[in-house]
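First up is the structure itself, then whatever we jot down about it.
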Amino acid sequence: QVQLVESGGGLVQAGGSLRLSCAASRGTFSTTAMGWFRQAPGKEREFVAAITWNSGSTYYTDSVKGRFTISRDNAKNTVYLQMNSLKPEDTAVYYCAAANGGGYIYSGMTYAYWGQGTQVTVSS
């Protein structure tokens with residue numbers, strides 16, 4: 001079992017920045033792909049970004065490309081999501097997730113473990 005704890009959410013004005021962190025409880029984190037998803041009120045959960053176990057590849061949904069950056073520190077069992085130039089439409093609960101083996105990295109089905117979520121609110 002892997003436990004994930006997100007932090008760093010909050011209220012920010014449009015154009016501002018936030019950095020989300022996700023701390024994992026187990027050492028196997030270093031061999032696991034990690035992802036960030038978000039869910040806005042009344043909407044389906046959507047993929048935001050993902051990173052392979054060795055940071056060799058990163059993936060982003062089109063709406064955040066050039067604004068968000070995913071990274072990880074395997075020594076600290078932590079994955080980050082740096083969010084710049086935030087827009088009101090980025091408002092959502094953000095979840096980090098740990099993959100369980102291989103799979104389509106953009107799909108929530110690939111991820112076996114999820115954090116409790118952290119609220120991000122961007123005001124206009």
Side-chain angles (χ1 to χ4, degrees):
Q1 186 77 10
V2 177
Q3 293 185 325
L4 304 172
V5 179
E6 302 100 334
S7 60
L11 173 64
V12 64
Q13 289 189 332
S17 298
L18 283 173
R19 188 195 197 200
L20 305 184
S21 298
C22 173
S25 64
R26 263 183 20 182
T28 53
F29 169 89
S30 65
T31 61
T32 301
M34 298 293 295
W36 286 96
F37 289 75
R38 66 187 180 187
Q39 187 167 20
K43 294 189 176 181
E44 297 284 322
R45 183 181 64 193
E46 66 171 349
F47 171 84
V48 176
I51 188 167
T52 53
W53 69 273
N54 61 353
S55 303
S57 296
T58 56
Y59 306 84
Y60 299 94
T61 191
D62 286 347
S63 63
V64 308
K65 284 179 181 176
R67 299 188 298 122
F68 290 12
T69 303
I70 188 171
S71 62
R72 66 190 295 162
D73 184 340
N74 286 347
K76 296 182 178 179
N77 284 1
T78 302
V79 63
Y80 305 98
L81 186 67
Q82 177 67 43
M83 306 186 295
N84 298 329
S85 302
L86 282 161
K87 303 176 181 179
E89 51 263 44
D90 294 318
T91 295
V93 177
Y94 283 70
Y95 299 90
C96 75
N100 184 17
Y104 186 55
I105 206 162
Y106 296 91
S107 170
M109 299 285 287
T110 296
Y111 301 83
Y113 306 102
W114 295 80
Q116 82 289 349
T118 185
Q119 176 71 47
V120 172
T121 303
V122 185
S123 63
S124 57

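Atom set for the values below is all heavy atoms of this structure, side chains included, hydrogens, waters and symmetry mates excluded.
- Under the 4.0 Å criterion applied to side-chain N and carboxylate O atoms, K65 and D62 are assigned as salt-bridge partners.
- Contact annotation: the side chain of T121 never approaches that of V12 to less than 4.5 Å [non-hydrogen atoms, C-beta and beyond].
- For the pair R72 (side chain) and N54 (backbone), a donor-acceptor distance under 3.5 Å is absent.
- Note that OH of Y80 is 11.5 Å distant from CD1 of I51, once rounded to the nearest 0.5 Å.
- Around CD of Q119, the count of heavy atoms belonging to other residues, nucleotides or ligands within 6.0 Å exceeds 12.
- When all heavy atoms are compared, the tightest approach of A14 to P88 is CB-CD, 4.1 Å.
- In this structure a side-chain-to-backbone donor-acceptor pair under 3.5 Å is present from T118 to G9.
- If you take OG on S55 and CH2 on W53, they are separated by 9.5 Å, rounding to the nearest 0.5 Å.
- Using a 4.5 Å heavy-atom cutoff, the side chains of R38 and E46 are in contact.
- Considering OG of S63 and CD of E89, their distance stands at 8.5 Å, rounded to 0.5 Å.
- The OG atom of S17 sits 12.0 Å away from the CZ atom of R19 when rounded to the nearest 0.5 Å.
- Residue L86 comes nearest to M83 through the heavy atom pair CD2-CB, 3.8 Å, listed as atom of the first residue, atom of the second, then distance.
- Across every non-hydrogen atom of Y113 and L4, the tightest pair is O-CD1, 3.5 Å.
- Taking OG1 from T78 and CG from L20, the interatomic distance works out to 12.5 Å, rounded to the nearest 0.5 Å.
- Judged by distance alone, with hydrogens and angles left aside, the side-chain atoms of T32 form no donor-acceptor pair with the main-chain N or O of A98 at under 3.5 Å.
- Checked against side-chain hydrogen bond (donor to acceptor under 3.5 Å, both in side chains), Q82 has the following partners two or more places apart in sequence or in another chain: N84.
- Residue W114 shares its hydrophobic cluster (ILVMFWY side chains chained together at separations under 4.5 Å) with F37, F47, Y59, V93, Y95, Y104, I105, Y106, Y111.
- Using a distance-only test at 3.5 Å, with no hydrogens or angles considered, a donor-acceptor pair links the side chain of S25 to the main chain of Q3.
- E6 CD to C22 SG: the interatomic distance, rounded to the nearest 0.5 Å, is 5.0 Å.
- When every heavy atom of V122 is checked against every heavy atom of T91, the shortest pair comes out as N-OG1, 2.9 Å.
- Side-chain contact between T69 and L81 is absent, with no heavy-atom pair separated by less than 4.5 Å.
- Annotation for I70 and M34: closest pair CD1-O, 4.1 Å, computed over non-hydrogen atoms.
- Remark: the backbone N or O of V5 is not paired with any side-chain donor or acceptor of Q116 at under 3.5 angstrom.
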